[in-house]
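For reference, the structure is listed below as structure tokens.
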Protein chains: 2
Amino acid sequence: MAARSYNQYCGLARSLDTVGDRWSLLIARELLLGPMRYSELLAALDGIATNLLADRLRNLESAGVVERQVGETGGVVYALTPWGAQLRETIESFVRWSTPLMIRGRAGDASEPRWLAVALRALLHARTARWPAEVGIEVPGHFVTLRIDEDGPHVTVQPDQRPDTILTGEPEVVLGLAAGALTIDQALTVASVQGDRRVLTTVFAGGPA
Amino acid sequence: MAARSYNQYCGLARSLDTVGDRWSLLIARELLLGPMRYSELLAALDGIATNLLADRLRNLESAGVVERQVGETGGVVYALTPWGAQLRETIESFVRWSTPLMIRGRAGDASEPRWLAVALRALLHARTARWPAEVGIEVPGHFVTLRIDEDGPHVTVQPDQRPDTILTGEPEVVLGLAAGALTIDQALTVASVQGDRRVLTTVFAGGPA
DNA sequence: CCGCATCCTCATGGATACTG
DNA sequence: CAGTATCCATGAGGATGCGG
């Protein structure tokens with residue numbers, strides 16, 4: 001143990017001492033959407049070894065980033081502490097920074113609606129989207145609901161019902177639209193809309209916040 | 001080589017594929033203050049192995065985060081690309097996140113005025129500091145100048161002259177003040193001021209931006 | 001000197017099997 | 001289900017060498 005440290009009195013270095021290990025920030029990303037069980041994390045983070053997940057959760061818990069709770073069904077769930085939840089700012093800034101990479105995509109990458117939910121919130125949070133508005137996002141194999149109200153954007157991974165307006169396209173196009181890298185007209189040359197097209201303007205056409 | 005990837009179509013994962021290796025973000029932190037030579041980076045990042053620095057710079061360059069330039073004295077200097085410079089948002093969010101760790105300090109950590117410069121800018125950037133104002137910050141062994149104008153906070157590591165007002169204290173106190181974790185009155189029980197005390201109010205007493 | 005490359009040792013990460 | 005134990009592969013850290 002005795003995790004390797006940079007030994008620098010610097011906020012970045014101290015942060016990386018805490019959450020800079022491989023997988024740690026991805027665990028935090030998963031928990032941003034709510035508490036999860038060990039087995040759910042193991043399934044969501046494809047490729048992580050079981051001993052590493054256990055080690056990371058131990059370290060994050062002793063650092064005060066994550067806490068073990070008793071879930072609704074009685075089992076142990078892992079949740080972010082209030083301080084851990086503040087990693088949202090950092091995670092969202094990474095998501096925004098990655099825009100030049102993401103709008104190109106990359107063959108072979110796995111894609112999860114959970115990650116799309118985090119990304120849409122991060123990208124739209126920096127903009128003045130108007131509310132209220134609701135649109136369904138359909139990408140190959142997945143469906144999420146994006147709703148904007150006075151509190152900002154909310155993304156639901158498993159909607160109870162599909163909104164009236166639905167945008168269908170490749171993930172790169174949806175993210176390009178949310179990032180402002182594509183105009184709605186540009187996006188609609190490679191994506192399609194069912195329902196009221198004008199909802200897209202409400203959701204995606206806001207300027208920088 | 002063939003850098004290890006998470007293989008996830010997620011902005012966080014793609015960002016960490018690019019700058020998630022050990023030392024990479026610390027290299028970016030150093031370059032936020034301006035281009036540096038290889039030997040300067042090696043000296044600033046105490047503990048990094050020479051082969052690792054070379055490897056990281058290669059990777060960051062091929063990723064488009066860093067570029068090699070010809071410096072003023074003719075030698076090669078490393079600089080952030082425009083995209084790389086946008087890592088400032090992420091780095092500053094890490095700095096803000098680390099506040100609970102930093103206001104306690106940690107024995108044995110090295111301390112550099114360059115890191116204090118990054119931190120002060122990150123912490124004050126989220127607040128409505130009034131301008132113009134200028135204050136010297138003296139911590140054991142180091143001195144920096146904090147100036148605020150219409151563009152926001154600027155921190156100079158090697159000032160050409162010392163400002164009229166100088167705050168002297170431990171780094172933890174200065175950061176606690178900048179983070180809003182300490183009031184000016186609280187800070188002054190363990191720090192001292194030469195010159196016009198009211199300047200501190202102008203610089204540090206702004207609310208959230 | 002500066003800017004690395006090589007070599008060696010050890011810590012960390014990854015895959016799989018196994019257990020309370 | 002929620003981890004531990006084990007073993008192998010990879011990456012980090014440190015010393016040294018070497019060409020420009």
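Chain naming here is simple, since letters A, B, ... match the order of the sequence lines and numbering starts at 1 in each.
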Phosphate-side-chain proximity, Arg68(A) and dG3(D), N/O vs OP1/OP2 below 4.0 Å: yes
Any Tyr78(A) side-chain N or O less than 4.0 Å from OP1/OP2 of dG3(D): yes
Pairs satisfying salt bridge (Lys or Arg N to Asp or Glu O under 4.0 Å), at least one member in residues 18-42 of chain A, at least two apart: Glu30(A)-Arg114(A)
Pairs flagged by salt bridge (Lys or Arg N to Asp or Glu O under 4.0 Å) wherever residues 160-179 of chain B is involved - sequence neighbours left out: Glu138(B)-Arg162(B)
Among the candidates [options], find the nucleotide nearest to the side-chain atoms of [X].
{"X": "Arg58(A)", "options": "dG3(C), dG14(C), dT4(D)", "result": "dT4(D)"}
{"X": "Trp23(B)", "options": "dG13(D), dA5(C), dC2(C)", "result": "dG13(D)"}
{"X": "Arg22(B)", "options": "dG13(D), dC4(C), dC2(C)", "result": "dG13(D)"}
{"X": "Arg4(A)", "options": "dG13(D), dG13(C), dC4(C)", "result": "dG13(D)"}

Dot-bracket line, read 5' to 3' along DNA chain C, where crossing pairs take [ ] and | marks a partner on another strand, Watson-Crick or G-U under 3.5 Å: |||||||||||||||||||.
Sugar-phosphate, base or nothing in reach of Gly47(B), heavy atoms under 4.0 Å: sugar-phosphate
With Trp131(B) via ring pair (Phe, Tyr, Trp, His ring centres under 6.0 Å) - residues at least two apart: none
Tyr38(A): ring pair (Phe, Tyr, Trp, His ring centres under 6.0 Å) partners, not counting sequence neighbours: none
Position toward the 5' end of DNA chain D (nearest nucleotide), Ile48(B) or Glu40(A): Glu40(A)
Base versus backbone protein contacts along nucleotides 15-20 of chain D [heavy-atom cut-off under 4.0 Å; B, S, -]: B-----
